[in-house]
Amino acid sequence: MKRVITYGTFDLLHYGHVNLLRRAKEYGDYLIVAISTDEFNWNMKHKKCYFSYEQRKQLVESIRYVDLVIPEESWEQKISDVKEFRIDTFVIGNDWEGKFDFLKEYCDVVYLPRTPEISTTQIKQELKK
Ligand code: C2G
């Protein structure tokens with residue numbers, strides 16, 4: 001069984017996120033999604049989420065490509081996650097190109113093109129008009 005992992009906030013879930021998860025699943029049979037906790041988002045990513053971790057977890061778990069959701073609580077957990085879950089491939093959008101190459105020692109690392117014209121920031125700005 002080929003195991004894939006990806007990380008993200010996934011707030012205001014949109015088709016760009018789903019496109020990423022669909023493509024990530026194509027690299028294996030089992031996809032784990034590490035969702036940033038509210039604390040991690042606020043303290044480390046300086047992001048204020050609209051939906052709580054539990055709400056974002058519920059939404060992402062409902063996506064057919066996703067097999068397991070775990071919390072992302074720190075930048076440093078990726079190596080231990082890859083080891084603990086016996087990950088074959090790490091996948092993330094290419095806005096992170098090169099940032100996680102250190103994982104190549106433990107698994108394959110894939111940066112996928114982002115879906116253009118959609119982002120949580122854009123949605124929030126549009127709603128303010
Ligand atoms: N994404 C995408 N296309 C978009 C928007 C997002 O492919 N139009 C991808 C991102 O590249 C990422 C995933 O969807 O792989 C989740 O995006 P975010 O929720 O913005 O996650 P991010 O804040 O980048 O968190 O440790 C890694 C971080 O937790 C990643």
Side-chain angles (χ1 to χ4, degrees):
M1 174 188 281
K2 298 279 282 179
R3 303 160 73 82
V4 183
I5 197 166
T6 190
Y7 294 73
T9 300
F10 298 99
D11 192 35
L12 297 189
L13 189 67
H14 55 69
Y15 63 88
H17 296 135
V18 174
N19 276 343
L20 188 285
L21 296 172
R22 175 179 49 74
R23 287 176 292 157
K25 186 58 174 285
E26 289 169 2
Y27 284 84
D29 316 285
Y30 191 86
L31 174 60
I32 299 174
V33 183
I35 298 183
S36 312
T37 61
D38 298 330
E39 297 75 17
F40 180 58
N41 266 311
W42 183 244
N43 298 328
M44 304 308 288
K45 295 166 85 172
H46 313 298
K47 281 185 174 181
K48 175 99 178 71
C49 287
Y50 182 80
F51 289 123
S52 69
Y53 170 78
E54 284 305 321
Q55 291 166 331
R56 289 179 284 121
K57 178 174 185 284
Q58 184 184 3
L59 285 162
V60 171
E61 280 175 340
S62 69
I63 297 170
R64 70 173 64 191
Y65 312 115
V66 178
D67 297 287
L68 175 68
V69 169
I70 63 171
E72 179 185 31
E73 297 167 300
S74 75
W75 293 115
E76 294 77 26
Q77 72 181 72
K78 292 183 176 67
I79 292 175
S80 56
D81 288 347
V82 167
K83 289 177 179 175
E84 179 185 348
F85 292 100
R86 303 192 313 283
I87 298 299
D88 299 287
T89 307
F90 167 92
V91 176
I92 201 161
N94 64 0
D95 43 321
W96 293 92
E97 187 79 36
K99 296 289 192 306
F100 302 116
D101 286 355
F102 63 88
L103 290 172
K104 287 180 178 176
E105 191 179 333
Y106 307 96
C107 64
D108 295 337
V109 174
V110 175
Y111 301 101
L112 294 173
R114 279 172 67 91
T115 301
E117 315 292 319
I118 182 72
S119 70
T120 302
T121 307
Q122 185 180 327
I123 294 169
K124 288 178 177 175
Q125 284 165 355
E126 294 284 319
L127 289 174
K128 283 178 186 165
K129 288 178 180 171

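The chain is numbered in sequence order, starting from 1. Ligands are counted one by one from 1 in listed order, and the atoms in each one are counted from 1 as well.
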| Side-chain heavy atoms under 4.5 angstrom apart, residues restricted to Ile, Leu, Val, Met, Phe, Trp, Tyr: same cluster for Val60 and Leu12? |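 Yes, it is one cluster - the side chains of Val60 and Leu12 are joined through contacts under 4.5 Å.
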
| In terms of hydrophobic clustering (I, L, V, M, F, W, Y; side-chain heavy atoms under 4.5 Å; direct or indirect links), are Tyr111 and Tyr65 co-clustered? |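 No.
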
| message | For Tyr7, give me all partners under ring-ring contact (aromatic ring centres under 6.0 Å, His included), at least two apart in sequence or on another chain. | response |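 Partners of Tyr7 under the ring-ring contact (aromatic ring centres under 6.0 Å, His included) test: Phe90.
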
| Do Arg3 and Tyr30 meet the cation-pi criteria used here (NZ or CZ under 6.0 Å from the six-membered ring centre, within 45° of the axis)? |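 Arg3 over Tyr30 ring: yes.
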
| message | With a 4.0 Å heavy-atom cut-off, what residues sit around ligand 1? | response |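 Those residues closer than 4.0 Å to ligand 1 by some heavy atom are Tyr7, Gly8, Thr9, Phe10, His14, Gly16, His17, Leu20, Ser36, Lys45, Lys47, Glu72, Trp75, Lys78, Ile92, Gly93, Asp95, Trp96, Arg114, Thr115, Ile118.
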
| request: Locate the shortest heavy-atom distance separating Lys45 from Gly8; write the atom from each residue and the value. | output: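 What the structure gives for the nearest pair is NZ-C, 4.2 Å.
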
| said: Salt bridge check, Asp11 against Lys48: does any charged N sit closer than 4.0 Å to a carboxylate O? | reply: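 Result for this pair is no, no salt bridge flagged.
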
